[in-house]
Participant: 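Take this structure, written in structure tokens, and hold onto it; I'll ask about it next.
Quick caveat: nothing in here was measured; it's all calculated off a predicted structure.
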Amino acid sequence: MFGSKKKQKLNLNDLMAQLRPDLSRESLGVGPDFPGVAPNPLLSSDARKRNADLRTGALALGVLVDWREVSSDGSPRVVLMFDVETVGGISFRGIADEDLTITELTRLAPGQTSPVRYRPAVMDHYVALARDADPAHVQQLSDEIASRKRT
């Protein structure tokens with residue numbers, strides 16, 4: 001017909017990249033395999049399952065690179081970008097989707113190191129802050145990573 005155009009199929013990741021270019025794969029520094037940031041992780045069964053899996057994931061250290069505020073309703077929801085180093089020598093850009101308190105948000109500073117959890121079997125760039133990590137275990141992990149770098 002008149003001026004008919006083929007409808008272009010737009011997936012959720014492309015839509016999010018258009019709505020929030022600061023949350024695109026390129027802006028976050030991750031590759032094309034990154035599934036993307038869920039608009040509302042509470043409504044996404046995949047995000048809920050991923051978050052549950054991350055709570056029991058392997059411990060690693062993440063150096064905060066940057067962050068993006070996703071929403072400020074109630075407690076701020078933030079996407080944190082980490083350069084993650086595992087005890088096995090794997091390094092990758094990790095993305096944590098977290099609800100932080102105002103106090104935690106004001107204490108964020110690039111370069112700070114935090115314990116994070118990741119899923120070694122999946123390796124999809126998702127990590128979570130390991131708030132439950134034993135400080136002695138985190139120190140042991142830090143020492144192991146530092147000794148590997150020296151050799």
Participant: With rounding to the nearest 0.5 Å, note down the distance linking CD1 in Ile145 to OG1 in Thr113.
Facilitator: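 These two atoms lie 9.5 Å from each other.
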Participant: Going by salt bridge (charged side-chain N to carboxylate O under 4.0 Å, His left out), name the pairs with one or both residues in residues 109-120, residues two or more places apart or in two chains.
Facilitator: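 Found Asp53-Arg119, Arg117-Asp132, Arg119-Asp124.
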Participant: Under the 3.5 angstrom rule, does the side chain of His125 hit a backbone N or O of Gly94 as a donor-acceptor pair?
Facilitator: no
Participant: For side-chain contact (heavy atoms from CB on, under 4.5 Å), just list the numbers for Met123 and Ile90, CA-CA rounded to whole Å, side-chain angles, deciding distance to a tenth of an Å, and then say yes or no.
Facilitator: CA-CA 10 Å; Met123 294 302 292; Ile90 299 170; 3.8 Å; yes
Participant: Applying the 4.5 Å side-chain criterion to the ILVMFWY set and letting contacts propagate, would Val78 and Val65 be lumped into a single cluster?
Facilitator: no
Participant: Using atom types as modelled and distance alone, determine if a side-chain donor or acceptor of Glu98 lies under 3.5 Å from a backbone N or O of Leu129.
Facilitator: yes
Participant: Would you please name every residue forming a side chain to side chain contact (heavy atoms under 4.5 Å, CB included) with Val87, sequence neighbours left out?
Facilitator: Leu141, Glu144
Participant: Can you confirm whether Val84 sits close enough to Leu61 that some side-chain heavy atom of one is under 4.5 Å from a side-chain heavy atom of the other?
Facilitator: no
Participant: So, using side chain to side chain donor-acceptor pair (under 3.5 Å) as the criterion, who are the partners of Gln139 when residues are at least two apart?
Facilitator: Asp143
Participant: Under the salt bridge (Lys or Arg N to Asp or Glu O under 4.0 Å) rule, collect the residues that match up with Arg68, sequence neighbours excluded.
Facilitator: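 Salt bridge (Lys or Arg N to Asp or Glu O under 4.0 Å) list for Arg68, sorted by chain: Asp66.
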Participant: At their closest point, which heavy atom of Trp67 faces which heavy atom of Pro110, and how far apart are they?
Facilitator: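 That closest heavy-atom pairing would be CZ3-CD, 3.8 Å.
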Participant: Tell me the closest heavy-atom pair linking Ala96 and Ala128, and the distance in Å.
Facilitator: CB-CA, 4.4 Å
Participant: Please give me the minimum heavy-atom distance between Leu64 and Ala109, naming the atom from each residue.
Facilitator: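 Result for this residue pair: CD2-O, 3.5 Å.
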Participant: Give, for atom CZ of Arg131 and atom CZ of Arg55, the distance between the pair rounded to the nearest 0.5 Å.
Facilitator: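 Between Arg131 CZ and Arg55 CZ, I get 11.5 Å after rounding to 0.5 Å.
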Participant: Identify, with sequence neighbours excluded, every residue that meets ring pair (Phe, Tyr, Trp, His ring centres under 6.0 Å) alongside Phe82.
Facilitator: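 Testing Phe82 for ring pair (Phe, Tyr, Trp, His ring centres under 6.0 Å), a comparison that skips the adjacent residues, returns none.
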Participant: To the nearest 0.5 angstrom, please state how far the NE2 atom of His137 sits from the OG atom of Ser142.
Facilitator: 11.5 Å
Participant: Among pairs that include at least one residue of residues 85-110, which meet ring pair (Phe, Tyr, Trp, His ring centres under 6.0 Å), considering only residues two or more places apart or in two chains?
Facilitator: Phe92-Tyr118
Participant: Any side-chain heavy atom of Leu80 sitting closer than 4.5 Å to one from Ile95?
Facilitator: no
Participant: If every non-hydrogen atom of Glu69 is compared with every non-hydrogen atom of Leu105, which pair is closest and at what distance?
Facilitator: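 Of all heavy-atom pairs spanning Glu69 and Leu105, the closest is OE1-CD2, 4.4 Å.
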Participant: In Å, rounded to the nearest 0.5 Å, how long is the span from CG of Leu59 to CG of Asp134?
Facilitator: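 Leu59 atom CG to Asp134 atom CG measures 9.5 Å (nearest 0.5 Å).
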Participant: With the side chain counted from C-beta on, respond yes when Asp83 and Ser91 share a heavy-atom pair under 4.5 Å apart, and no when they do not.
Facilitator: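 They are not in side-chain contact.
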